[in-house]
Protein chains: 4
Amino acid sequence: MTSERRQGRPRSEEARRAILAAAMDGLQEHGYAGLTIEGIAARAGVGKQTIYRWWPSKADVVLDAMLDLAETEIAVPDEGSLPADLTAFLTATFRQRGRRPVLIGLMAQALLDPVFAVAFRERFLFSRRAALGELLERAKARGEIAAGLDPELLIDVVYGVLWYRLLLDHAPLDEAAGRQLADLVVRAVR
Amino acid sequence: MTSERRQGRPRSEEARRAILAAAMDGLQEHGYAGLTIEGIAARAGVGKQTIYRWWPSKADVVLDAMLDLAETEIAVPDEGSLPADLTAFLTATFRQRGRRPVLIGLMAQALLDPVFAVAFRERFLFSRRAALGELLERAKARGEIAAGLDPELLIDVVYGVLWYRLLLDHAPLDEAAGRQLADLVVRAVR
Amino acid sequence: MTSERRQGRPRSEEARRAILAAAMDGLQEHGYAGLTIEGIAARAGVGKQTIYRWWPSKADVVLDAMLDLAETEIAVPDEGSLPADLTAFLTATFRQRGRRPVLIGLMAQALLDPVFAVAFRERFLFSRRAALGELLERAKARGEIAAGLDPELLIDVVYGVLWYRLLLDHAPLDEAAGRQLADLVVRAVR
Amino acid sequence: MTSERRQGRPRSEEARRAILAAAMDGLQEHGYAGLTIEGIAARAGVGKQTIYRWWPSKADVVLDAMLDLAETEIAVPDEGSLPADLTAFLTATFRQRGRRPVLIGLMAQALLDPVFAVAFRERFLFSRRAALGELLERAKARGEIAAGLDPELLIDVVYGVLWYRLLLDHAPLDEAAGRQLADLVVRAVR
DNA sequence: TCGTAAACGAGACGGTACGTCTCGTCTTACA
DNA sequence: TGTAAGACGAGACGTACCGTCTCGTTTACGA
């Protein structure tokens with residue numbers, strides 16, 4: 001077995017934290033488009049190379065910063081019935097609306113850069129989809145979902161509406177919207 | 001009546017067309033992120049200022065180019081029943097998938113630039129929503145849609161799924177998907 | 001014989017005057033480097049083409065404006081002796097120092113544009129040289145100038161000092177300087 | 001002693017030399033007016049920023065290029081008598097005539113840009129004046145110059161004629177002219 | 001304890017595109 | 001035909017960042 005011993009000065013945890021913090025701060029201040037690697041480095045008191053050494057692009061920095069903050073994972077509710085579970089899940093999820101600036105920045109980058117798109121899907125989006133999938137699977141086992149329905153489509157409906165409203169910002173993403181959407185899904189799967 | 005007489009040399013229709021064509025060509029060749037105003041100008045044989053005089057950003061050029069090409073408006077089908085109408089509408093709409101590179105470029109720009117976002121919503125997205133809204137309105141008049149349902153939510157479900165799949169590119173956007181989604185909506189509104 | 005009748009609308013004297021006035025005003029306000037054809041046209045309420053139709057460059061406009069104003073030609077003094085004549089000529093000439101901004105702009109343009117340089121030399125500089133030449137010629141006839149001396153060199157000395165100080169702005173160009181230089185020339189030609 | 005430790009990547013001497021060389025080459029090829037920062041950068045294989053980082057304008061680049069080349073400083077001759085010294089100095093100086101394109105470009109820029117004018121005077125012109133001043137000072141000590149004469153005026157006479165002929169290009173600047181001018185100055189100071 | 005080696009900060013480098021500016025030409029309608 | 005207006009192709013301007021590079025310094029480890 002390889003010893004995995006690394007030589008030389010170890011990676012600075014302090015620099016890592018400063019960079020992620022600077023990225024989030026810069027994001028708040030100038031928006032995603034106005035965020036630059038140069039700016040992050042300056043604000044973090046760090047050389048640009050230290051960023052490039054560990055992240056391939058600013059989007060990857062932001063994604064890491066995002067995931068670092070998102071310790072508060074949305075728990076998968078288990079209240080015993082699809083309507084209750086769905087409502088709980090959606091109202092919790094819709095509370096993420098406050099992160100809109102970060103989320104749309106990440107999505108924009110994913111659209112412009114196919115390499116980042118992969119990381120974004122797999123490290124961020126799919127883990128969210130999995131939670132909802134688990135919830136639906138349980139409902140299906142309880143017979144609350146008609147047999148012919150593809151759970152993937154249901155997930156797409158839920159996250160489709162969420163992202164569509166997040167991106168367009170033309171309709172509310174609040175608790176009422178969560179309940180309304182939960183209702184619609186429940187009606188559809190009968 | 002206002003005479004609307006403009007002074008000076010009139011805007012060159014030839015230049016306008018050359019710019020829009022160059023934008024679409026460049027889009028095909030380098031993708032949205034690789035498209036530059038400088039490149040468009042060079043390819044169109046036009047000064048950069050001629051572009052900046054009429055469009056505030058490359059996204060606005062692309063949006064105009066899009067709308068110019070989208071002569072083939074999606075007609076609002078009227079087959080007498082919601083399932084038939086919806087299926088026709090969705091299978092037609094999903095054929096736009098081929099435009100994915102352009103559409104995701106426009107969306108990315110809308111996410112990064114709030115000013116462009118307004119133009120994108122109002123000149124592009126809302127006209128599509130209106131067509132679907134008309135179709136649903138007719139179904140409601142025929143009593144095919146339950147009273148309590150918000151048609152806006154239904155529109156968000158349809159376009160939510162469409163855009164979510166377009167952006168993530170994780171699931172098909174073909175005729176089968178159109179039928180599946182139409183089915184789901186019909187089930188939900190009963 | 002050709003009738004010399006010109007066809008079409010005659011040249012607008014009003015426009016000509018407005019252009020020359022605008023040029024002088026712009027010169028005062030932004031300096032020669034900051035003066036643009038576009039700015040002159042706007043200020044004069046005139047199309048750019050009207051300027052280009054009659055003058056090849058901004059320097060030519062300024063030169064014309066200059067000559068238009070310089071009606072007050074420096075008279076060639078005739079006081080009967082070289083020292084008196086020279087002192088009168090130089091103190092009068094040195095009063096032109098106030099025109100420094102215009103003069104150095106014209107000179108700069110002459111240095112950068114050989115075509116304009118010809119016009120500048122012939123329409124402006126040489127007419128000044130001729131006046132001084134006349135004065136020296138008279139002195140020579142009176143025997144006040146030693147035989148072997150080239151009057152051209154003397155002219156170059158006088159105008160050399162004048163322009164050198166005008167351009168560098170490192171030493172005064174006042175009445176005292178005029179007298180000092182006259183003295184020097186008189187000493188040299190004995 | 002000051003440590004003078006500079007941080008970061010040190011300035012590239014290679015780039016500096018390439019830029020100055022490209023500036024001189026471009027000057028020969030297109031003249032001063034046709035010289036552009038963009039052209040210098042391209043020819044030197046250098047980013048534009050590397051030029052702007054170290055020089056505020058193209059004139060400053062050219063001035064540095066000039067001074068870099070002018071290793072062949074004009075020595076101050078010391079032959080024991082004013083006529084001999086002056087003749088030697090002037091014939092040597094007048095050999096600079098070959099640099100006319102560069103010199104008039106620098107002067108033009110100095111006339112258009114007061115900030116550059118200061119640099120041009122202090123780094124270039126005044127060092128030349130000082131050499132001549134030294135020569136005259138020695139002559140004065142030997143009693144070859146009449147008491148009442150301002151040596152500054154004499155310097156202005158010499159450099160005035162030199163620059164006036166350089167700028168106007170209406171009379172020769174050769175060895176004969178140098179001797180002629182030396183003669184004149186010697187006559188004047190008796 | 002001392003060399004080796006990687007990470008660090010700083011910041012210069014070659015590039016690319018930006019959006020602006022001005023040039024000199026052109027194309028209208030009107031006088 | 002001359003004019004004011006103003007769009008046009010052209011191309012340099014100076015700036016902003018990109019991602020890479022080269023310094024001197026710092027911080028671990030293993031010999």
Side-chain angles (χ1 to χ4, degrees), chain A residues 5-12 14-16 34-42 44-54 56-58, chain B residues 3 5-16 18 34-42 44-54 56-58, chain C residues 6-12 14-15 18 34-39 41-42 44-54 56-58, chain D residues 3 5-16 18 34-42 44-54 56-58:
Chain A
R5 255 353 283 82
R6 304 285 309 320
Q7 264 193 326
R9 179 174 176 173
R11 175 172 184 181
S12 159
E14 192 184 349
R16 188 186 147 273
L35 189 69
T36 65
I37 294 275
E38 217 132 71
I40 295 172
V46 138
K48 282 200 291 175
Q49 197 56 253
T50 301
I51 300 183
Y52 283 111
R53 206 179 344 260
W54 304 109
S57 77
K58 80 166 171 179
Chain B
S3 78
R5 249 2 276 82
R6 302 277 279 72
Q7 265 189 322
R9 180 174 177 173
R11 176 172 183 180
S12 160
E13 180 58 22
E14 193 183 350
R16 189 187 146 272
L35 189 68
T36 65
I37 294 275
E38 216 135 72
I40 295 172
V46 139
K48 281 199 289 176
Q49 197 59 264
T50 300
I51 300 182
Y52 284 112
R53 197 168 2 248
W54 303 109
S57 76
K58 79 167 171 179
Chain C
R6 302 286 310 312
Q7 266 193 329
R9 180 170 173 175
R11 176 172 182 182
S12 159
E14 191 183 349
L35 190 69
T36 64
I37 294 275
E38 218 130 69
V46 138
K48 282 199 292 174
Q49 198 56 253
T50 301
I51 299 182
Y52 281 112
R53 205 173 348 256
W54 303 109
S57 78
K58 78 167 171 178
Chain D
S3 77
R5 251 358 274 88
R6 301 277 280 78
Q7 266 190 319
R9 179 173 177 173
R11 176 172 183 181
S12 160
E13 180 59 20
E14 193 184 348
R16 188 186 146 273
L35 189 69
T36 65
I37 295 275
E38 215 135 74
I40 295 172
V46 139
K48 281 200 287 175
Q49 198 58 258
T50 300
I51 300 182
Y52 284 112
R53 202 174 351 256
W54 303 109
S57 75
K58 77 167 172 178

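Scope of the values below: all heavy atoms of this structure, side chains included, with no hydrogens, waters or symmetry mates. Just so it is clear: chains get the letters A, B, ... in the order the sequence lines come, proteins before strands, and each one is counted from 1. Note that this is a predicted model, so its numbers are computed, not measured.
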Can you check nucleotides 20-22 of chain F for protein contacts, nitrogen or oxygen pairs under 3.5 Å, and list what you find?
from: dC21(F); atom 1: O2; to: Arg9(D); atom 2: NH1; distance (Å): 3.2
from: dC21(F); atom 1: N4; to: Gln49(A); atom 2: NE2; distance (Å): 2.5

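Between the CZ atom of Arg16(D) and the C1' atom of dC13(E) there is a distance of 16 Å, given to the nearest Å. Ile51(D) places its CD1 atom 13 Å from the P atom of dA12(F), with the value rounded to the nearest Å. Computed from coordinates, the Ile40(D) CD1 to dA12(F) P distance equals 12 Å when rounded to whole Å. dT26(F) atom P lies 15 Å from atom CD of Glu14(A), rounded to whole Å.
In this structure, Gly39(B) reaches neither bases nor backbone, as no heavy-atom distance under 4.0 Å exists between it and the strands shown.
Rounded to the nearest 0.5 angstrom, Glu38(A) CD and Ile40(A) CD1 are separated by 10.5 Å. The structure places CD1 of Ile51(D) at 10.0 Å from CD of Gln49(D), a figure rounded to the nearest 0.5 Å.
Here the shortest heavy-atom pairing between Val46(C) and Ala15(C) reads CG2-CB, 4.1 Å. Here the shortest heavy-atom pairing between Ala44(C) and Ala18(C) reads CB-O, 3.6 Å. Looking at every heavy atom in both residues, Leu35(D) comes nearest to Lys58(D) through O-NZ, 3.0 Å. Contact record, Ala41(D) with Gly47(D): CB-C, 4.3 Å, taken as the closest heavy-atom pair.
Among the nucleotides dG24(E), dC18(E), dC18(F), the one closest to the side chain of Thr36(A) is dC18(F).
Ranked by how close their nearest DNA chain F nucleotide is to the 5' end, Leu35(A) and Glu13(B) are led by Glu13(B). Map Ile37(D) and Lys58(A) each onto its nearest nucleotide of DNA chain F; the residue landing nearer the 5' end is Ile37(D). Positionally, the nearest nucleotide of DNA chain E for Thr50(D) lies more toward the 5' end than for the other of Thr50(D) and Glu38(B).
At least one side-chain nitrogen or oxygen of Arg53(B) sits closer than 4.0 Å to the OP1 or OP2 atom of dC8(F). Close to dG11(E), at under 4.0 Å from its OP1 or OP2, lies no side-chain N or O of Trp54(D).
Remark: Arg11(D) is positioned above the aromatic ring of Trp54(D), its terminal NZ or CZ atom under 6.0 angstrom from the ring centre and at most 45 degrees off the axis.
Inter-axis angle, ends of the helix from dT1(E)-dA31(F) to dA31(E)-dT1(F), five pairs per end, rounded to 10 degrees: 10°.
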